[in-house]
Amino acid sequence: MKQLLIIGIGAGDPEYLTVQAINAMNRADVFFLLDKGASKQPLLQLRRDILQRYVTHDRYRLVEADSPERVREGDYAGQVHDLNRAKQQVFERLIDRELQDGQCGAFLVWGDPSLYDSTLRILDAIQSAGRLDFDYQVIPGITSVQALAARHKVPLNAIGQSVQITTGRRLAEGFPANADSVVVMLDAQDTYRQLDDPELEIYWGAYVGTENEILRSGRLVEVGEDIQRTRREARQTHGWIMDTYLLRRTPKDS
Ligand SMILES: C[S@@+](CC[C@H](N)C(=O)[O-])C[C@H]1O[C@@H](n2cnc3c(N)ncnc32)[C@H](O)[C@@H]1O
């Protein structure tokens, strides 16, 4: 039987790797490296650096593959569905052709596989299709949300309250009703600029945990413009950006 390890590698700093992740990496014979777009080279390099740093033998193979990109036509849910079908084909090919029976293969997933990542859904679909025989284990990693909260030294939730994690696309529909704290990911459109609630504070971070990390925080109405400018400039400088922010309601006099 083929074995697969889905390893969360944390969201930037090689020291975010857990002991469990390091031990899992040392069991793998083959590493599948997939990335896409402008962020491809730096993120692939970070994975290579992680392997060099933590894997104590050189008996492993690296297999790189292009991750399909979303075709921006039609409705968003349909685009994501088609994208995941295309990714499924890539994964199936890798597992089928690049891994021998009895070997262990590993996918290194940015952050944690449970958060805005399709790897687990794809593996589930492959197993359900029944064409390939394999077992897999999931090793959790530190998400960009945890990294952001740690770097800003803030809790995500107010005492006894909930926190909602959402996307820029969803936030564009309005600040979630009844939410005090909202974490926004995958926002390419500076959606926070659409909000003018004076009670909102923002804790923003780009490339968190990496050498290019940028952090900003304050009342949204006061720092929003600076974040937008900083974000635009950073994106120009590096050619890509990954940023996340926490919005939370705090009455003005608190
Ligand atoms: C496809 S999701 C993957 C999330 C990942 N699985 C995790 O656990 O954080 C990509 C989004 O995660 C966020 N992100 C990932 N790494 C980040 C980092 N180092 N700094 C800031 N945001 C990051 C950004 O919002 C980005 O658009």
Side-chain angles (χ1 to χ4, degrees), residues 5-18 20-21 33-47 49-50 67-70 72 76-77 79-80 83-84 86-87 106-123 138-154 156 163-172 181-193 202-217 227-228 230-235 237-247:
L5 296 167
I6 316 306
I7 306 175
I9 58 168
D13 188 334
E15 296 196 355
Y16 288 157
L17 266 102
T18 66
Q20 192 181 36
L33 304 182
L34 291 108
D35 265 307
K36 59 174 190 291
S39 61
K40 182 172 161 178
Q41 281 320 319
L43 297 189
L44 282 178
Q45 191 52 46
L46 187 105
R47 285 174 172 82
D49 293 346
I50 282 175
S67 185
E69 296 213 44
R70 182 159 55 90
R72 289 159 202 270
Y76 181 71
Q79 292 173 20
V80 173
L83 172 65
N84 284 347
K87 280 190 186 171
F107 288 93
L108 303 181
V109 174
W110 192 255
D112 182 76
S114 68
L115 192 63
Y116 291 111
D117 187 277
S118 50
T119 309
L120 299 184
R121 266 184 289 272
I122 291 170
L123 285 175
V138 181
I139 316 291
I142 292 182
T143 66
S144 51
V145 177
Q146 292 162 284
L148 178 80
R151 296 297 293 135
H152 278 290
K153 306 177 188 166
V154 287
L156 293 175
V163 54
Q164 184 170 134
I165 301 178
T166 191
T167 62
R169 190 178 290 269
R170 287 263 173 215
L171 184 68
S181 302
V182 176
V183 175
V184 184
M185 303 176 73
L186 294 161
D187 182 5
Q189 310 294 335
D190 300 292
T191 310
Y192 53 89
R193 294 288 281 152
I202 185 167
Y203 296 86
W204 176 82
Y207 319 100
V208 175
T210 74
E211 61 188 11
N212 300 318
E213 178 180 277
I214 314 170
L215 302 172
R216 294 282 188 278
S217 62
I227 292 174
Q228 186 174 15
T230 305
R231 190 180 185 284
R232 189 176 55 239
E233 288 169 1
R235 196 169 184 282
T237 305
H238 301 294
W240 62 285
I241 191 162
M242 272 197 309
D243 60 330
T244 304
Y245 50 94
L246 165 68
L247 293 169

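Ligands are counted one by one from 1 in listed order, and the atoms in each one are counted from 1 as well.
At distances below 3.5 Å, at least one donor-acceptor pair connects side-chain atoms of His152 with backbone N or O atoms of Trp204. In this structure, Glu213 contributes its side chain and Gly209 its backbone to a donor-acceptor pair below 3.5 Å. Side-chain atoms of Glu233 do not come within 3.5 Å of backbone N or O of Thr230 as any donor-acceptor pair. The backbone N or O of Leu156 lies less than 3.5 Å from a partner atom in the side chain of Ser181, making a donor-acceptor pair. With hydrogens and angles ignored, the 3.5 Å screen pairs no side-chain donor or acceptor of Asp243 with any backbone N or O of Ala206. For Tyr207 (side chain) and Ala234 (main-chain N/O), a donor-acceptor pair under 3.5 Å exists by modelled atom type. When atom types are taken as modelled, the side chain of Arg47 and the backbone of Leu108 share a donor-acceptor pair closer than 3.5 angstrom. Using a distance-only test at 3.5 Å, with no hydrogens or angles considered, no donor-acceptor pair links the side chain of Ser118 to the main chain of Arg121.
Counting only heavy atoms of the protein, atom 16 (N) of ligand 1 lies nearest to Trp110 NE1, 2.8 Å. From the protein, the heavy atom lying nearest to atom 19 (N) of ligand 1 is Ala11 O, 2.7 Å. If you check which protein heavy atom lies closest to atom 20 (N) of ligand 1, you get Val208 N, 2.9 Å. Here the protein heavy atom with the shortest distance to atom 9 (O) of ligand 1 is Ser144 OG, 2.7 Å. Among all protein heavy atoms, the one lying closest to atom 4 (C) of ligand 1 is Leu115 O, 3.5 Å. In terms of protein heavy-atom proximity, atom 21 (C) of ligand 1 is closest to Met242 O, 3.3 Å.
Set against the non-hydrogen atoms of Gly111, the atoms of ligand 1 under 4.0 Å away are 7 (C), 8 (O). Atoms of ligand 1 lying under 4.0 Å from any heavy atom of Tyr116, numbered from 1 in the order shown and given with element: 1 (C), 2 (S), 3 (C). Of all the atoms in ligand 1, the ones that sit under 4.0 Å from a non-hydrogen atom of Thr244 are 13 (C), 14 (N), 21 (C), 22 (N), 23 (C), 24 (C), 25 (O). The Met185 neighbourhood of ligand 1 comprises atoms 4 (C), 9 (O), 12 (O), 13 (C), 25 (O), with distances under 4.0 Å to a heavy atom of that residue. When each atom of ligand 1 is checked for a heavy atom of Asp112 under 4.0 Å away, the hits are 6 (N), 7 (C), 8 (O).
Taking the centre of each ring, Tyr245 and Tyr192 come in below the 6.0 Å mark.
Closest to atom 11 (C) of ligand 1 by heavy atom, among Leu186, Asp187, Asp243, is Leu186.
Under a 4.0 angstrom heavy-atom cut-off, Gly205 registers as being in contact with ligand 1.
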